[in-house]
Structures are given as structure tokens and as C-alpha cells.
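These notes concern the structure reproduced below.
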Amino acid sequence: MQDRVVLYGILVSFLITNQTTDAIQARSDKEQPQTVVSGTAVQSVVPVQAQLGSSSSSGSSSSSSNSAFHPLGPNVMCSFLPRDFLECKDPIDHRDNITARIEKGYGCLRFGGSSYEAVEHTKVQCTVYSDIDCYGDRTFFREGVPCVRYTDHYFVTTLIYSMLLGFLGMDRFCLGQTGTAVGKLLTMGGVGVWWIIDVILLITNNLKPEDGSNWNPYV
């Protein structure tokens with residue numbers, strides 16, 4: 001009796017295992033691409049579920065590439081990059097033309113100034129260098145750019161000219177003030193008085209280049 005029970009148990013377990021194997025094999029055959037031969041062309045038939053899965057994965061990858069900016073990520077915002085990584089245009093000089101400044105929306109009415117309050121500020125268009133990787137628009141406007149330009153006018157050089165050759169008007173020739181420089185030359189520095197006054201004006205920053213530029217800080 002016990003032998004029959006054991007035999008029946010083995011037979012039932014064998015039948016269940018065989019049915020499970022057949023079901024798994026049928027499911028794998030449905031998921032795998034099937035090859036259909038039509039004439040001389042061989043076509044690969046991909047199940048619809050596989051196509052949907054691939055399209056969903058590609059959609060997720062594209063959405064991840066267009067994801068929002070992550071502040072702890074490897075890339076910084078392009079607008080946060082320092083000036084060394086940008087190519088910025090020079091501020092626009094409107095030459096005291098207020099109408100042109102209003103129409104353009106930005107630019108400088110005048111250049112120069114000794115203090116922060118005296119210097120105008122505007123925005124300029126900047127572009128990130130091609131070999132720099134960052135997040136966001138690579139071309140943008142940067143605010144707060146000072147309306148300052150530098151030419152070949154150096155304070156120390158002009159001061160030396162004023163102290164040594166000021167009676168000949170060399171300091172004013174260097175600053176581009178040709179008219180007053182000629183008058184200073186003909187009067188020999190105003191008999192020494194004009195010479196001393198110009199030295200004091202230079203030291204107190206009241207005698208500046210004629211073109212409105214600032215003293216060049218680079219030697």
C-alpha cells in the first residue's frame with residue numbers, strides 16, 4: 001500500500017513539473033524575436049511588448065538627459081562661470097545719447113570714474129568657450145559690468161613726467177590734452193606755478209586722461 005502511494009506521488013510531481021516547463025518554454029518563445037523567411041529576404045519579428053519596453057527605456061533616457069539642474073551635480077550653471085571662461089563683448093558706448101540707451105536697453109552713457117558710485121554699470125553679451133562644459137544657455141547677458149576702459153595711460157609714468165618735465169607740459173601731452181600742454185610749454189609751466197598745480201591735481205586724482213579712460217593698472 002505504501003509503495004503505491006509513493007508511486008502515485010512521484011507520478012503527480014512529474015506531471016506538474018512537465019506542465020510548468022512547457023509553460024516557461026512557451027513564454028520564452030513569445031518574447032524572443034522570430035525569424036520569418038519571405039522569398040529571399042529574412043525579416044526579424046520583434047514582439048510588441050519588447051518594442052514598448054525599448055521605447056519606454058529610450059524615453060526615460062531622453063527625459064533623464066533633459067532633467068532639471070542639480071546643484072550638487074558635476075556641472076555648474078553657465079551664467080555662474082567666471083570671466084576667464086567667457087568671451088564677452090565690450091560695453092556699448094552711447095556717448096551721452098540717452099535716447100539710444102533707452103532704445104537698446106543697455107549700454108554706457110559715459111566711461112570712467114574714480115569710485116564705485118561714480119562708475120556706470122551695464123550688461124554685456126557673453127559666450128562660454130567651446131571647450132568648457134556647463135549647464136544652461138551658453139550665450140547670455142551678464143549684469144553689473146563696469147563702464148570702464150583702459151588705454152596706454154599709466155599713473156606712475158605720468159606723475160614722473162609731471163615732476164621732472166612738467167614745465168614743458170609733458171604730463172598734459174601724455175594725457176592727450178594738447179591745447180593746454182602747448183600753453184604750459186610756452187609759459188614754461190606758468191613760471192613754475194602751473195607746474196606745481198598739475199602735480200597736486202595728479203596726486204589728488206583730479207587730472208585724468210582726456211579720452212575718459214581710467215589709469216591702466218597693468219604695467
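Note that these values count all heavy atoms, side chains included, but never hydrogens, waters or copies made by symmetry.
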Side-chain touch [X]/[Y], heavy atoms, less than 4.5 angstrom:
X	Y	result
Thr187	Trp194	yes
Asp211	Phe111	no
Asn214	Tyr150	yes
Thr158	Trp215	yes

Has the side chain of [X] got a donor or acceptor atom that lies under 3.5 Å from a matching backbone atom of [Y]?
X	Y	value
His153	Leu175	no
Glu120	Leu109	yes
Asp198	Ser162	no
His94	Tyr106	yes
Arg142	Cys126	no
His70	Leu72	yes
Arg101	Gly107	yes
Arg110	Asp93	no
Gln177	Lys208	yes

Heavy-atom closest pair, residues [X] and [Y]:
X	Y	value
Ala181	Gly169	CB-O, 3.7 Å
Cys108	Pro91	SG-CB, 3.7 Å
Val119	Val148	CG1-CG2, 3.6 Å
Leu86	Cys78	CD2-O, 4.4 Å

So with a 6.0 Å cut-off around CD1 of Ile98, is the heavy-atom count from everything else above 12?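 No, the 6.0 Å shell around CD1 holds no more than 12 heavy atoms from other groups.
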
Could you check whether atom CD of Glu87 has more than 12 heavy atoms from other residues, nucleotides or ligands sitting under 6.0 Å from it?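 Counting neighbours around CD of Glu87, 12 or fewer heavy atoms of other residues, nucleotides or ligands fall under 6.0 Å, so no.
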
Say you draw a straight line from [atom1] of [X] to [atom2] of [Y]; how long is it, rounded to the nearest 0.5 Å?
X	Y	atom1	atom2	result
Leu207	Ile200	CG	CD1	12.0 Å
Cys88	Gln125	SG	CD	9.0 Å
Lys184	Met170	NZ	CE	11.0 Å
Thr157	Asp152	OG1	CG	10.5 Å
Leu165	Trp195	CG	CH2	8.5 Å
Leu81	Tyr129	CG	OH	11.5 Å

Taking the six-membered ring where the residue is Trp, are the ring centres of Phe69 and Tyr135 under 6.0 Å apart?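 Yes.
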
Assess the pair Tyr161 and Phe173: is the distance between their ring centroids shorter than 6.0 Å?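 Centroid distance Tyr161-Phe173: not below 6.0 Å, so no.
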
Using the ring of each side chain (for Trp, its six-membered ring), is His121 parallel, tilted or perpendicular to Tyr116, with breaks at 30° and 60°?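 His121 and Tyr116: tilted rings.
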
Apply salt bridge (Lys or Arg N to Asp or Glu O under 4.0 Å) to the pair Arg149 and Asp90, showing each step before the final yes or no. CA-CA 9 Å; Arg149 65 162 64 102; Asp90 295 331; over 6 Å; no

Common cluster, [X]/[Y], ILVMFWY with side-chain heavy-atom separation under 4.5 Å:
X	Y	result
Leu164	Ile196	no
Val199	Phe167	yes
Val193	Leu168	yes

Give a yes-or-no answer on whether the side chains of Asp137 and Thr139 include a donor-acceptor pair shorter than 3.5 Å.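 No, because no side-chain N or O of Asp137 sits under 3.5 Å from a partner of the opposite role on Thr139.
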
